[in-house]
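Written out below as structure tokens is the structure these notes cover.
Every chain is numbered from 1, with letters handed out A, B, ... down the list of sequences.
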Protein chains: 2
Amino acid sequence: MNINRNDIASMQQRLTEYLTDQNLRKTTERYTILECICTIKGHFDVEMLQKMLDGANFHVSRATIYNTIELLVNASLVVRHQFSSQIVQYELKCISETHHHLVCTHCGAVCEIKNKELATLMNGRRFPKFSAEYYSLYIYGICSKCKFKLRQKKNNK
Amino acid sequence: MNINRNDIASMQQRLTEYLTDQNLRKTTERYTILECICTIKGHFDVEMLQKMLDGANFHVSRATIYNTIELLVNASLVVRHQFSSQIVQYELKCISETHHHLVCTHCGAVCEIKNKELATLMNGRRFPKFSAEYYSLYIYGICSKCKFKLRQKKNNK
DNA sequence: ATGTATGCAAACCATTTGCAATGAC
DNA sequence: GTCATTGCAAATGGTTTGCATACAT
């Protein structure tokens, strides 16, 4: 999936809306971080984002990156993933809506899959006493590479 | 959902199978930890598990708890959850199969829901180059309590 | 007897926090 | 001018690691 100029514009607009609505300040950092995230096609983590921003000669502190990402999550622009322990990863919400994830419990590799039936099933679903924002489906298992390695390891014993 | 004696017996049997198959040792710690986990109806984390074991006068080190849980995950007896950052939670796999999770992004509360259609959709599903072990569906949003609080906070401004 | 598993404590590292300086309003 | 936001550096705390000891095989 690709993001186009219109998508970016509407996300910026959404950010402005959110900041106005919540009485928060429209800082350069917040808009620049969103802009940077829009150039990332897949998942990203805090470190990757900071390196990209530094590479574009825009220095932002770690604390601000954490704050801003949380803000973007609250504004429904970004989605949080925790496939395996340790590192938290993120993804633009509009991208994450197009697929689900296969996660290898052995090597941590994450692969994306589309599933129209599930999207149909989930869309428009309501829950009692809960306003759903987004959902994540993680399918855990062993990827073919790891399965092969494990088989070899066992045979060598 | 309740766990009965038969379920526990079959889980112990599964552990024995796994340990034998992988040439791992059948230690008291491994069986005791599984037994303890079987008494927990909902989610648990490492700290909770250690306190329960200590309460039953069975001292186990943190390292062993981490090792054993990973082993139980690999043996397909336990499932790992990471609803929000920081703490990793776990659940008996046989319990987790009966429901999905609503997660409040504001207060972190987790609520369980059943969804037969989804179970039907997922069961027997195969993926190319990937052996699926289990899946987790997390639905993120705002719970009614937090929604109420947020509305009040906004009105007071 | 051998080598895996455990216990303990120190190390690790992503994330959070406190506070002074900056800048949006 | 006021107060939210940022930057920096230190603190936090769940998880991992290293090594000596214990114990399953």
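Distance CD1 (I87(B)) to P (dA14(C)): 19 Å, rounded to an integer number of Å. Rounding to whole angstrom units, CD of residue E47(A) and C1' of dC12(C) are separated by 14 Å. For the pair N23(A) CG and dA24(C) P, the interatomic distance rounds to 17 Å; values are reported in whole Å. In this structure, Q22(A) atom CD and dC25(C) atom C1' are separated by 17 Å, rounded to whole Å. Nucleotide dG14(D) holds its P atom 9 Å from the CG atom of D45(B), rounded to whole Å. Rounded to an integer number of Å, the gap from Q82(A) CD to dG14(D) C1' is 13 Å. Q50(B) places its CD atom 16 Å from the P atom of dG13(D), with the value rounded to the nearest Å. N67(B) has its CG atom 14 Å from the P atom of dT4(C), to the nearest Å.
Applying the salt bridge (Lys or Arg N to Asp or Glu O under 4.0 Å) rule to E97(A) yields the partners K93(A); only residues at least two apart in sequence or on another chain are considered. Evaluation of the ring-ring contact (aromatic ring centres under 6.0 Å, His included) rule for Y138(B) yields Y138(A), H81(B), F83(B) as partners, not counting sequence neighbours. In this structure, F130(A) has no ring-ring contact (aromatic ring centres under 6.0 Å, His included) partners at least two apart in sequence or on a different chain. Residues meeting the salt bridge (Lys or Arg N to Asp or Glu O under 4.0 Å) test with E17(A), sequence neighbours left out: R14(A). Every salt bridge (Lys or Arg N to Asp or Glu O under 4.0 Å) that K51(B) has, sequence neighbours left out, goes to E47(B). Remark: H99(B) engages H101(B) in a ring-ring contact (aromatic ring centres under 6.0 Å, His included) (not counting sequence neighbours).
Within a heavy-atom distance below 4.0 Å of DNA chain C, the residues of residues 24-39 of chain B found are L24(B), R25(B), T27(B), E29(B), R30(B). Near DNA chain C, meaning a heavy atom under 4.0 Å away, the residues from residues 52-65 of chain B are H59(B), V60(B), S61(B), A63(B), T64(B).
Listed by first and then second residue, the side-chain hydrogen bond (donor to acceptor under 3.5 Å, both in side chains) pairs that reach into residues 119-128 of chain B come to none, sequence neighbours excluded. Residue pairs satisfying the side-chain hydrogen bond (donor to acceptor under 3.5 Å, both in side chains) criterion with at least one member in residues 67-79 of chain A, sequence neighbours excluded, are listed as follows: S76(A)-E133(A).
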Exercise answer: donor-acceptor pairs, residues 56-64 of chain A side-chain atoms, under 3.5 Å, sequence neighbours excluded:
from: H59(A); atom 1: ND1; to: D54(A); atom 2: OD1; distance (Å): 3.2
from: S61(A); atom 1: OG; to: T64(A); atom 2: N; distance (Å): 3.3
from: S61(A); atom 1: OG; to: T64(A); atom 2: OG1; distance (Å): 3.1
from: R62(A); atom 1: NE; to: Q50(A); atom 2: OE1; distance (Å): 2.7
from: R62(A); atom 1: NH2; to: Q50(A); atom 2: OE1; distance (Å): 3.3

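To the nearest 0.5 Å, the span separating CE on M122(A) from CG on L121(B) amounts to 10.5 Å.
End-to-end axis angle for the helix from dA1(C)-dT25(D) to dC25(C)-dG1(D), using five pairs per end and rounding to 10°, comes out at 40°.
For the pair Y66(B) and dT15(D), the criterion of a side-chain N or O lying under 4.0 Å from OP1 or OP2 is met.
T16(B) places a side-chain N or O within donor-acceptor distance of the main-chain N or O of Q12(B), the cut-off being under 3.5 Å.
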